[in-house]
Amino acid sequence: MNGSFLNIPFAVWGMGALVIAGIFVMFVPRADVVNKLHGTRFVIVRWFHSLVWLLLALSFFVRGMENESISGLANPLAALAGITYLIYMSTFFTTLRP
C-alpha cells in the first residue's frame with residue numbers, strides 16, 4: 001500500500017476506521033429505544049453507522065493500492081459513506097427524538 005494522509009499511511013487509517021466500526025457493532029447509542037424499532041428504521045438506526053465506518057475503511061484501503069483502476073474507487077466509496085451517514089443521521093434524529 002502506498003500513500004498517506006497527514007503522514008499516516010492509509011492502511012493505518014483503514015484499521016482505525018475498522019476499529020470504530022467494530023465499536024459501533026457492539027455499542028448502540030440509545031439501545032433501549034433502538035431495539036424497540038422494526039423494519040427499515042431498525043436496520044438503518046442499528047447498522048448504518050457501522051456501515052459508514054466500514055465504507056470509510058474500504059475507501060482508505062483502496063486509496064492506498066498501487067493499481068490506478070482500483071484506487072479510483074476510493075472517492076465513490078467515501079461519497080457512499082457520506083450518503084449513508086446522512087440517511088443514518090436523519091433517521092436517527094427523527095426516530096429517537098425525546
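Counting from 1, the numbers follow the sequence of the chain as shown.
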Report the distance from atom [atom1] of [X] to atom [atom2] of [Y], rounding to the nearest 0.5 Å.
{"X": "S50", "Y": "F27", "atom1": "OG", "atom2": "CZ", "result": "11.0 Å"}
{"X": "W47", "Y": "F42", "atom1": "CH2", "atom2": "CZ", "result": "7.0 Å"}
{"X": "T40", "Y": "I87", "atom1": "OG1", "atom2": "CD1", "result": "11.5 Å"}
{"X": "N35", "Y": "R46", "atom1": "CG", "atom2": "CZ", "result": "7.5 Å"}
{"X": "L51", "Y": "Y85", "atom1": "CG", "atom2": "OH", "result": "13.5 Å"}
{"X": "L80", "Y": "N75", "atom1": "CG", "atom2": "CG", "result": "12.5 Å"}

| message | With a 4.5 Å cut-off on side-chain heavy-atom distances among I, L, V, M, F, W and Y, is there a chain of contacts connecting I44 to F93? | response |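 Yes, I44 and F93 fall within the same hydrophobic cluster.
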
Answer yes if F24 and L86 sit in the same cluster of Ile, Leu, Val, Met, Phe, Trp and Tyr residues linked by side chain heavy atoms under 4.5 Å apart, and no otherwise.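 Unlinked, F24 and L86 end up in two clusters.
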
- Task: Kindly check if the number of other-residue, nucleotide or ligand heavy atoms within 6.0 Å of CE (M89) is above 12?
- Result: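 Yes, CE of M89 has more than 12 neighbouring heavy atoms, counting only those of other groups under 6.0 Å.
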
>> For I8, is there any backbone N or O sitting under 3.5 Å from a side-chain donor or acceptor partner on W13?
In response: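 Looks like yes, one N/O pair under 3.5 Å.
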
Exercise. S59 side chain to L55 main-chain N or O, any donor-acceptor pair under 3.5 Å?
Worked result: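 No: the side chain of S59 does not pair with the backbone of L55.
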
Counting C-beta onward and ignoring hydrogens, is there a side-chain heavy-atom pair between L56 and F61 closer than 4.5 Å?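 In short, these two side chains do not touch, never coming nearer than 4.5 Å.
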
Minimum heavy-atom separation for S90 and T94, please, with both atom names.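 Nearest pair, atom of S90 first, then T94: O-OG1, 2.8 Å.
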
Where does the angle between the aromatic ring planes of H49 and Y88 fall among parallel (under 30°), tilted (30 to 60°) and perpendicular (over 60°)?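 H49 vs Y88 ring planes: tilted.
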
